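Starting from 1, each residue takes its place in the sequence as its number. Computed from a predicted structure; not experimentally measured.
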Amino acid sequence: MEKFVQYSHHLAYTPARKNGVTLGFTTRKGGISAYPKNAFNMARYIDDLPENVTYHQEILASEIGVMRQNWVFPIQTHEAKVVEVTAADRGKNIEMLSKDILYGVDGMYTYDHDTMLTMCYADCVPIYFYSPKHHFIALAHAGWRGTVKQIVREVLQHYPHHLNDLFVVIGPATSQSYEINDQILEQFKQLPIEIKQYIDTRGKNRHGIDLKLANALLCEHYGVPNANIYRTTYATSEDLERFFSYRVEKGQTGRMLAFISQSNEREMT
């Protein structure tokens, strides 16, 4: 059963919300950006008016109840650098981007309440981590490069508690329709997981890859219980009514926002 629930401008992961964690992913629908038409674009680094992005941020902030002054956004570069952020980092790169602030960061974690971690996506895999017991949340950005570099391992190395207390959510991303070539395949062969589980070879220089599954397998390999890992069925490249897809739309598209925060009080169930 799909655990992401559709709201007006985003999907929310309901089990996390019940544990005092706000976790979700925006959609492409209902915005004012012309990139493309009527798009709910959340990225400041593409060809869009800054005021459009600010407007969309304000809408999302109202929907999820976390004011945008509490958001933190890094400059992602498809690497595997993971950093800790605190309440002192709130607001960074939200009003405008700065290459001097959180540059080259594709993973963040925090123990601070009411500090929302955010990143943009348009096919790459959003990976959420949360531990209500230890007040830990994290967010990672994993394209094929981040997966090869095992960004999930980097996040887990910053979690000094028992992995039975950690939950992982693999969010919407491209499907196995995404293919890699022989050269990239050789890099994936170095990973400590069974390659046939997530790669389907279709011919010379053509290998379909399930990046969501690959990252789930890596999390399990490093000790996260299988029962604590949830992998959504949503696929960005197959649902252009709901999501942007960088590959299908050949780069001429907007970006979705993944976000996670924790509050002081757990939601009553």
Side-chain angles (χ1 to χ4, degrees), residues 25 27-28 35-36 39 41 43 45-47 74-82 103-107 119-128 139-156 168-222 224 226 229-258:
F25 195 73
T27 67
R28 73 182 297 157
Y35 191 76
N41 168 54
Y45 55 81
I46 67 169
D47 186 17
I75 309 298
Q76 304 152 224
T77 56
H78 295 274
E79 298 295 332
K81 182 179 179 180
V82 176
Y103 180 82
V105 171
D106 285 82
M119 292 190 200
C120 281
Y121 302 76
D123 278 335
C124 292
V125 186
I127 309 170
Y128 311 81
L139 180 62
H141 169 256
W144 75 260
R145 291 177 178 84
T147 305
V148 162
K149 294 174 182 178
Q150 302 190 69
I151 192 167
V152 296
R153 179 187 62 186
E154 300 303 313
V155 173
L156 294 175
V168 177
V169 177
I170 311 291
T174 189
S175 70
Q176 213 169 358
S177 62
Y178 174 49
E179 293 183 344
I180 57 174
N181 59 30
D182 292 346
Q183 183 179 11
I184 297 174
L185 176 65
E186 290 303 312
Q187 297 182 56
F188 276 95
K189 288 181 179 179
Q190 308 306 312
L191 295 182
I193 52 177
E194 175 52 53
I195 199 163
K196 290 183 179 179
Q197 289 187 262
Y198 64 95
I199 289 183
D200 172 33
T201 294
R202 298 162 183 168
K204 182 176 175 56
N205 236 22
R206 291 186 59 221
H207 311 278
I209 182 168
D210 188 337
L211 290 174
K212 288 188 290 186
L213 178 56
N215 282 283
L217 291 171
L218 284 169
C219 287
E220 188 173 0
H221 172 80
Y222 288 113
V224 180
N226 177 269
I229 302 170
Y230 174 74
R231 179 164 47 100
T232 181
T233 59
Y234 283 118
T236 54
S237 52
E238 294 181 358
D239 190 356
L240 296 186
E241 285 294 313
R242 183 179 276 115
F243 303 115
F244 301 117
S245 174
Y246 184 88
R247 292 172 182 85
V248 174
E249 299 176 272
K250 303 186 186 306
Q252 302 303 302
T253 193
R255 303 291 189 275
M256 285 87 65
L257 190 79

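Residue Tyr128 holds its OH atom at 6.0 Å from CZ of Phe25, rounded to the nearest 0.5 Å. Taken to the nearest 0.5 Å, the CD1 atom of Ile127 stands 10.0 Å off from the NE2 atom of His141. Within the model, atoms OG1 of Thr201 and CG of Leu185 stand 6.0 Å from one another, a figure rounded to the nearest 0.5 Å. Considering CD1 of Ile75 and CE of Met119, their distance stands at 11.0 Å, rounded to 0.5 Å. The distance from the CD1 atom of Ile180 to the CD1 atom of Ile199 is 4.0 Å, given to the nearest 0.5 Å. The structure places CG of Leu257 at 11.5 Å from OG1 of Thr27, a figure rounded to the nearest 0.5 Å.
Residues Ile151 and Val82 form a side-chain contact, since some pair of their non-hydrogen atoms from C-beta on lies under 4.5 Å apart. Between Met256 and Thr236 the shortest side-chain heavy-atom distance falls below 4.5 Å. Between Leu240 and Arg28, the closest side-chain pair of non-hydrogen atoms falls below 4.5 Å.
The aromatic rings of Trp144 and Phe188 sit tilted relative to each other, their planes meeting at an angle between 30° and 60°.
Remark: the backbone N or O of Leu218 is not paired with any side-chain donor or acceptor of Arg153 at under 3.5 angstrom. Using modelled atom types, one side-chain atom of Asp106 and one backbone atom of Thr77 make a donor-acceptor pair closer than 3.5 Å. Not one N or O on the side chain of Lys212 forms a donor-acceptor pair closer than 3.5 Å with the backbone of Arg231. Of the possible polar contacts, none joining the Asn181 side chain to the Asn205 backbone as a donor-acceptor pair under 3.5 Å is found.
Residue Glu194 places its CD atom among more than 12 non-hydrogen atoms of other residues, nucleotides or ligands, all under 6.0 Å distant. Residue-environment remark: OH (Tyr234) exceeds the threshold of 12 foreign heavy atoms within 6.0 Å.
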side-chain contact (heavy atoms from CB on, under 4.5 Å) between Val248 and Asp123: does it pass, once the steps are laid out?
CA-CA 9 Å; Val248 174; Asp123 278 335; 5.7 Å; no

Given side-chain contact (heavy atoms from CB on, under 4.5 Å), test His78 with Cys124 step by step and report yes or no.
CA-CA 9 Å; His78 295 274; Cys124 292; 3.7 Å; yes

Report the C-alpha separation of Tyr222 and Leu156 in whole Å, then their side-chain angles, then the decisive distance to 0.1 Å, and conclude whether the side-chain contact (heavy atoms from CB on, under 4.5 Å) test is met.
CA-CA 8 Å; Tyr222 288 113; Leu156 294 175; 3.8 Å; yes

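In terms of heavy atoms, Ala214 sits closest to Tyr198 at CB-CD1, 3.6 Å. Glu249 and Pro36 get closest at one heavy-atom pair: OE2-CG, 4.3 Å. Among all heavy-atom pairs drawn from Cys120 and Arg255, the shortest one is CB-CB, 3.9 Å. The minimum heavy-atom distance linking Tyr121 with Pro126 is given by the pair CE2-CA, 3.4 Å. Scanning both residues, Leu191 and Gln150, for their nearest heavy atoms gives CD2-CG, 3.6 Å. When all heavy atoms are compared, the tightest approach of Gln176 to Asp210 is CG-N, 3.9 Å.
No donor-acceptor contact under 3.5 angstrom links the side chains of Ser237 and Ser245, judged on distance only.
With sequence neighbours left out, Arg242 forms a salt bridge (charged side-chain N to carboxylate O under 4.0 Å, His left out) with Asp239.
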